[in-house]
Amino acid sequence: MKIAFGCDHAGFEYKERVIEHLRQKGHEVVDFGTNGPESVDYPVYGEKVGRAVGHGECDLGVLICGTGFGISLSANHCAGVRAVVCSEPFTAQLARRHNNANVLAFGARVVGIEMAYMIIDSFLDAQFEGGRHARRVAMMDAIQREG
Ligand code: RB5
């Protein structure tokens with residue numbers, strides 16, 4: 001899959017390891033930054049990844065900030081984006097299976113790197129189940145479209 005990656009300065013410490021992990025799993029990664037430890041504004045990177053996924057240029061997105069919140073909230077303002085913050089693998093898997101989440105966010109100040117790998121793997125390895133969940137996802141998307 002083609003995966004959009006973005007982080008702010010708080011997520012930067014995990015950036016290279018997470019991108020390498022994604023590549024080792026056979027994914028293509030489009031890196032939207034940030035590219036250094038200097039303080040930056042997380043909405044910039046949430047928007048870049050959100051637009052890439054929302055426009056269909058990338059299949060899924062991975063975002064990291066301090067908590068995962070600011071950067072995921074920013075991505076969620078982009079049409080077609082369903083971004084979730086996960087701190088463990090179970091919710092990451094269900095976010096794909098039930099909610100058809102297309103952007104995974106987590107906090108570098110919340111989860112260790114090994115837990116981050118497990119969260120990412122659970123998210124990427126799961127498939128949307130459709131059925132009754134598709135109706136609910138369509139309802140969410142309609143809410144977003146209507147603003
Ligand atoms: C940056 O200090 C921090 O506020 C940011 O990474 C994130 O945690 C915000 O939600």
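Residues: numbered from 1 along the sequence shown. When a ligand or atom number is given, it counts from 1 through the structure's own listing order. For the numbers below, each heavy atom of this structure counts, side chains included, while hydrogens, waters and symmetry mates do not.
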Check: Going by the order shown, which atoms of ligand 1 are within less than 4.0 Å of some heavy atom of H9?
Finding: 1 (C), 2 (O)
Check: Atoms of ligand 1 less than 4.0 Å from A10 heavy atoms?
Finding: 6 (O)
Checklist line | Sub-4.0 Å atoms of ligand 1 with respect to non-hydrogen atoms of G66 | finding: 5 (C), 6 (O), 7 (C), 8 (O)
Note to self: Using a 3.5 Å distance criterion without hydrogens, assess whether the side chain of D8 forms a donor-acceptor pair with backbone atoms of D41.
What the structure shows: no
Note to self: Checking contacts here: is it the side chain or the backbone of D8 that comes within 4.0 Å of ligand 1, counting heavy atoms only? Could be both or neither.
What the structure shows: side chain
Margin query: Just so I know, are the side chains of I120 and L22 near enough to count as touching, which here means a heavy-atom distance under 4.5 Å?
Written below: yes
Notebook entry, point to check: What are the two closest heavy atoms between S74 and Y42, and how far apart are they?
Noted result: OG-CD1, 3.8 Å
Notebook entry, point to check: Does N76 offer a backbone N or O that forms a donor-acceptor pair with the side chain of Q144 under 3.5 Å?
Noted result: yes
Notebook entry, point to check: For atom 8 (O) of ligand 1, what is the nearest protein heavy atom, given as residue, atom name and distance?
Noted result: T67 N, 3.0 Å
Next item on the list: Mind listing the closest non-hydrogen atom pair of V110 and S87 along with its distance?
Entry: CG1-OG, 3.9 Å
Margin query: Starting from atom 7 (C) of ligand 1, what is the nearest protein heavy atom, named by residue and atom, and what distance separates them?
Written below: C65 SG, 3.4 Å
Item checked: Note: D125-R96 ion pair, threshold 4.0 Å (strictly below) -> no
Check: At a 4.0 Å threshold, what atoms of ligand 1 neighbour a non-hydrogen atom of G70?
Finding: 9 (C), 10 (O)
Checklist line | Protein contact of atom 9 (C) of ligand 1 - nearest heavy atom, named by residue and atom, plus distance | finding: Y42 CE2, 3.5 Å
Note to self: For atom 2 (O) of ligand 1, what is the closest protein heavy atom, and at what distance to 0.1 Å?
What the structure shows: R109 NH1, 3.3 Å
Notebook entry, point to check: I3 pairs by side-chain contact (heavy atoms from CB on, under 4.5 Å) with which of D59, V30, V103, L124?
Noted result: L124
